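Only a predicted model underlies this, so the values are computations on that prediction, with no experimental measurement involved.
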Amino acid sequence: MTSPHHHSPGGTRPDGRPSPGARLLGPAIARAAARAAAPGGLRFTERQLYYATCRVLSPGSALLRRLPRTPAPPLRLTAFTRALDARGRHTVEGLLPPVPPGTGGVYAVHDGDGKGDGDGTSEPDVYAYGLPRLLVCQDPSIARMLLANHVHLEAACPVLTAVDALPLDPRLTAALERAGGATVHVLHDASPSGLALPARIRAALGPVPGVRVSSMGLVPRHVAALRLPSGRGPVPGPVLGTGLPPGLRPAEARWLARGRFAEVAAVPPARLVRTVLRVTRGSRPPRASLRSDLRGLRDTGFLTWPSA
């Protein structure tokens, strides 16, 4: 998957001074950081700051914001990175450091910035009790952001990254089964690999009684409804037909087949935190005998984001 991009000036001169483009982007980054942190001083990732800067640069009209679409980012990612380097990451309040390579494990009490009760290693006490809910994030940086904002504490929900969740630790599987009626929530990008992740986790989990795997999104219709910026990568090819949710609309499959994708990081941080808390703390939907397409929509998270 390639990074979303669009042409825009930025960078530094050979003498090390910020270029005019970087100086122009500086105020936009400052405004974006303030918006990303609101309300209450939220912590956010560099990628989230990039998308927040895109929103500052292309606010759009109230009418256009109501029209479903997936626009290209107005700012090239490399230009943003150069402007951020010129400004200095340490000057951006609320910006989280990058996730250290090799960080993994069950994040139950980690505070997300390396200064809390753990350093990204496993918390063995998690396995000693029943786990009624678990959140698996495709993007390690998003997992770190949710931890930094104490979502795992408010939702009483441990957070894993996808790389840590597969293969599933047998002790974790036992803890989910012990809780009775547990749900594994999966937060992923709107991309072929992201949409296939819940099925991979479900297959890795196996036939564990009473444990449900539920996608929290994103899916292409969320991207359009929320008007999130989307990128374009290589055409996915045959992998597009494997592991995708049955409730995916033909137009969404065509969107993915063109190499389009959108990242969870494009969702405004406050909205992301609010949605994750609402979904993870909510009661488990009843297993009513509704039509299979409605069950498919519910299980893949299609009824979650637009109303968040």
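Remark: the backbone N or O of V208 is not paired with any side-chain donor or acceptor of E177 at under 3.5 angstrom. When atom types are taken as modelled, the side chain of R133 and the backbone of T280 share a donor-acceptor pair closer than 3.5 angstrom. Proximity of a side-chain donor or acceptor of E252 to a complementary backbone N or O of R221 within less than 3.5 Å is detected. Without hydrogens or angle criteria, R43 side chain to A148 main chain gives no donor-acceptor distance under 3.5 Å. Judged by distance alone, with hydrogens and angles left aside, the side-chain atoms of N149 form no donor-acceptor pair with the main-chain N or O of V151 at under 3.5 Å. Under a 3.5 Å cut-off, the side chain of Y50 and the backbone N or O of T81 do not form any donor-acceptor pair. At distances below 3.5 Å, at least one donor-acceptor pair connects side-chain atoms of R232 with backbone N or O atoms of R258.
Under the 4.5 Å side-chain heavy-atom criterion for Ile, Leu, Val, Met, Phe, Trp and Tyr, L256 and V219 are members of the same hydrophobic cluster.
Between L166 and L197, the closest side-chain pair of non-hydrogen atoms falls below 4.5 Å. A 4.5 Å side-chain heavy-atom check between L272 and M145 finds at least one atom pair inside the cut-off. Annotation: side chain of L248 is in contact with side chain of P220 (closest heavy-atom distance under 4.5 Å). Using a 4.5 Å heavy-atom threshold, the side chains of F80 and I29 count as touching. At a threshold of 4.5 Å between non-hydrogen side-chain atoms, the residues L187 and I142 count as touching. Inter-residue side-chain proximity for V279 and H185 is flagged as met; some heavy-atom pair is nearer than 4.5 Å. Looking only at side-chain heavy atoms (C-beta outward), L25 and L57 come within less than 4.5 Å of each other. Looking at heavy atoms from C-beta onward, L84 lies in side-chain contact with L49 at the 4.5 angstrom threshold.
Remark: R87 CZ to H90 NE2 distance equals 9.5 Å, nearest 0.5 Å. Between the CG atom of L195 and the CZ atom of R200 there is a distance of 12.5 Å, given to the nearest 0.5 Å. The SG atom of C137 sits 12.0 Å away from atom CZ of R144, with the distance rounded to the nearest 0.5 Å. In this structure, OG1 on T183 lies 9.5 Å from CG on L176, to the nearest 0.5 angstrom. The CD atom of Q138 sits 9.5 Å away from the CD1 atom of I201 when rounded to the nearest 0.5 Å. A distance of 11.0 Å separates CZ in R178 from CZ in R171, rounded to the nearest 0.5 Å.
A pairwise comparison of heavy atoms in A262 and D189 identifies O-CB, 3.4 Å as the closest pair. Shortest non-hydrogen contact noted between A33 and V92 is CB-CG1, 3.7 Å. The two residues A52 and A36 have their closest heavy-atom pair at CB-CB, 4.4 Å. Scanning all heavy atoms of the two residues, the minimum distance from P198 to V213 falls at O-CG1, 3.7 Å. Shown here for Q48 and A265, the closest heavy-atom pair between the two residues is CG-O, 3.5 Å. The heavy-atom pair separating P27 from L24 by the smallest distance is CD-O, 3.3 Å.
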(message) side chain to side chain contact (heavy atoms under 4.5 Å, CB included), that's the test. Do H222 and V267 meet it? Break it down for me.
(response) CA-CA 10 Å; H222 293 153; V267 179; over 6 Å; no

(message) Does E46 form a side chain to side chain contact (heavy atoms under 4.5 Å, CB included) with L95? I'd like the steps, not just the answer.
(response) CA-CA 7 Å; E46 183 174 323; L95 180 61; 4.2 Å; yes

(message) Checking R271 against L226 for the side chain to side chain contact (heavy atoms under 4.5 Å, CB included) test, could you report, in this order, the C-alpha distance in whole Å, the side-chain angles of both residues, the deciding distance, and whether it holds?
(response) CA-CA 11 Å; R271 186 166 202 163; L226 298 176; 3.3 Å; yes

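Residues S230 and R260 have side chains that bring a donor and an acceptor to within less than 3.5 angstrom of each other. A side-chain donor-acceptor contact under 3.5 Å links T78 and R76.
Partners of A203 under the side-chain contact (heavy atoms from CB on, under 4.5 Å) rule, at least two apart in sequence or in another chain, do not exist in this structure. With sequence neighbours left out, the side-chain contact (heavy atoms from CB on, under 4.5 Å) criterion links E154 to L277, R281. Listed by chain and number, the residues in a side-chain contact (heavy atoms from CB on, under 4.5 Å) with A266 are Y51, L228, P229 (sequence neighbours excluded).
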